[in-house]
Amino acid sequence: MIFDSLLGMFSVDMGIDLGTCNTLVCVKGEGVVLNEPSVVAVRRGTNQVLRHGNAVGHVAKEMLGRTPGSISAIRPLKDGVIADFDITEAMLGYFIRKVHGRSRFVKPRVVIAVPSGITAVEKRAVYNSAERAGARRVYLVEEPMAAGIGAGLPIGEATASMIVDVGGGTTEVAIMSLADIGVVQSIRVAGDEMDAAIIGYMRRKYDLMVGLQTAENIKIEIGSIMPLEEEMAKEVRGRDIVGGLPRQCVVTSNEIRDALSEPVGQIIECVMRTLENAEPELAADLVENGIHLAGGGALLRGLDMRLAEATGLEVNLVDDPLSCVARGTSVYLENLLAWKETMESDADEY
Ligand code: ADP
Ligand code: MG
């Protein structure tokens with residue numbers, strides 16, 4: 001144990017939020033040091049990662065939807081499950097090396113937050129990927145726990161805490177107490193589905209094909225769930241479906257609210273279902289403690305109000321919802337010695 005902490009002085013232990021949209025890496029004492037899209041550019045039809053070193057993260061995301069014929073940009077975790085093990089490994093390896101540097105001779109210990117819905121096989125894949133990518137020891141923690149810790153909730157205590165994490169590929173809803181997850185529901189409806197709903201709306205209503213990036217920008221800039229004090233409008237460019245030529249039109253926040261109602265309805269339903277499955281004592285605690293909303297989707301205007309309306313509970317937006325899970329993993333790092341007995345860290349378990 002002392003030996004382990006000595007080694008720690010020569011390596012950079014890190015906490016990783018391996019998200020479907022974004023990967024964040026935290027280093028003890030330094031906070032978030034890397035924040036990049038979970039995207040990898042590969043040669044089309046293969047899982048060969050492009051060689052020029054920077055085909056991962058920001059650079060690869062720029063390529064999404066506008067890649068030349070021979071290249072495709074892939075999000076290996078898109079639906080909260082690992083769609084491609086090799087590409088996930090390449091991505092994780094790239095991020096770990098980027099933070100750790102190649103020169104250090106002691107390998108890092110790594111805490112990774114994984115979606116609570118992933119299977120034992122997938123856990124094992126993350127575990128092995130991180131080891132092959134250069135980790136000395138790997139600890140997996142469940143994302144809702146990390147989110148709860150990152151948000152400063154009393155998840156170790158005998159009272160219920162509830163996290164609703166609306167990410168890119170999945171929404172995870174969990175009720176926790178005594179450092180354990182009581183009820184958890186995960187659905188594959190989150191930010192990506194909202195973007196897809198906007199694309200569908202633009203096609204139906206305006207005969208306009210818009211790209212994923214454009215749809216995401218529309219959502220972030222004028223997306224909302226509840227009527228706004230001042231409704232907004234945005235100019236949108238795309239390709240006309242009928243004529244095939246580039247064209248632009250103007251959409252309003254009211255229209256986008258319509259477009260988003262279907263995916264948002266499913267998220268609300270998932271929250272309600274989780275509440276219905278909670279033990280009565282835990283449900284009673286939530287009347288006092290409320291719900292905490294995390295993940296990038298939490299930033300959608302009015303989602304907190306809509307959830308509060310539907311559940312009758314208080315809904316709090318956590319500080320900096322996009323980095324909440326990553327900050328939670330770094331709290332795990334700080335307590336590694338004390339907590340490691342309770343964390344999954346042996347590949348044989350999976
Ligand atoms: P993951 O944990 O799955 O990687 P994140 O928590 O990083 O996901 O959230 C990414 C999602 O949040 C994306 O779908 C993105 O479009 C969405 N998002 C980011 N900022 C906003 C915003 N201001 N309003 C609405 N959605 C947002
Ligand atoms: Mg996440």
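Atoms within each ligand, like the ligands themselves, are counted from 1 in listed order.
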Which residue and heavy atom of the protein sit nearest [atom], plus the separation:
atom: atom 2 (O) of ligand 1; result: Gly19 CA, 3.8 Å
atom: atom 13 (C) of ligand 1; result: Cys21 SG, 3.7 Å
atom: atom 6 (O) of ligand 1; result: Gly296 N, 2.9 Å
atom: atom 7 (O) of ligand 1; result: Asn22 ND2, 2.8 Å
atom: atom 22 (C) of ligand 1; result: Leu299 CB, 3.5 Å

Sub-3.5 Å N/O-N/O distance, [X] and ligand 1:
X: Gly168; answer: yes
X: Thr20; answer: yes
X: Asp17; answer: no
X: Gly295; answer: no

For the residue pair [X] and [Y], establish whether any side-chain heavy-atom pair is separated by less than 4.5 Å.
X: Lys123; Y: Asn128; result: no
X: Leu275; Y: Leu286; result: yes
X: Glu216; Y: Asp192; result: no

### Task
For the pair Asp240 (side chain) and Leu245 (backbone), establish whether a donor and an acceptor sit closer than 3.5 Å, ignoring hydrogens and angles.
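Checked: no pair found.
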
### Query
If only atom types and distance count, is the side chain of Arg44 paired as donor or acceptor with the main-chain N or O of Ser70 below 3.5 Å?
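Not confirmed, Arg44 side chain does not pair with Ser70 backbone.
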
### Task
Would you mind telling me which of Glu172, Gln185, Glu143 makes a side-chain hydrogen bond (donor to acceptor under 3.5 Å, both in side chains) with Ser116?
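That would be Glu172.
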
### Task
Output yes when Glu334 and Lys28 qualify as a salt bridge under the 4.0 Å nitrogen-oxygen rule, no when they do not.
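Salt bridge between Glu334 and Lys28, a charged N being under 4.0 Å from a carboxylate O: no.
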
### Query
Is the shortest side-chain N to carboxylate O distance from Glu131 to Lys107 below 4.0 Å?
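No, no charged N to carboxylate O under 4.0 Å.
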
At a 4.0 Å threshold, what atoms of ligand 1 neighbour a non-hydrogen atom of [X]?
X: Gly297; answer: 12 (O)
X: Leu300; answer: 24 (N), 25 (C)
X: Gly191; answer: 14 (O)

### Message
Residue-level breakdown please: for Lys219 versus ligand 1, do any non-hydrogen atoms fall below 4.0 Å on the side chain, on the backbone, on both, or on neither?
### Response
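Contact part for Lys219 vs ligand 1: side chain (C-beta onward).
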
### Query
Under 4.0 Å from ligand 1, counting heavy atoms only, is it the side chain of Leu322, its backbone, both or neither?
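Side chain only.
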
### Query
So which of Glu216, Glu221, Arg301 gets nearest to atom 16 (O) of ligand 1, if we judge by its closest heavy atom?
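Among Glu216, Glu221, Arg301, the closest heavy atom to atom 16 (O) of ligand 1 comes from Glu216.
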
#### Entry: Cluster companions of Met209 among Ile, Leu, Val, Met, Phe, Trp, Tyr (side-chain spacing under 4.5 Å)
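Ile241, listed by chain and number.
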
### Query
After noting the C-alpha distance and the side-chain angles of Glu89 and Arg132, does the key distance pass the salt bridge (charged side-chain N to carboxylate O under 4.0 Å, His left out) rule?
CA-CA 8 Å; Glu89 180 176 333; Arg132 274 200 292 270; 2.8 Å; yes

### Query
Touching ligand 1 at all, Gly223? Heavy atoms, strictly under 4.0 Å?
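No, Gly223 has no heavy atom closer than 4.0 Å to ligand 1.
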
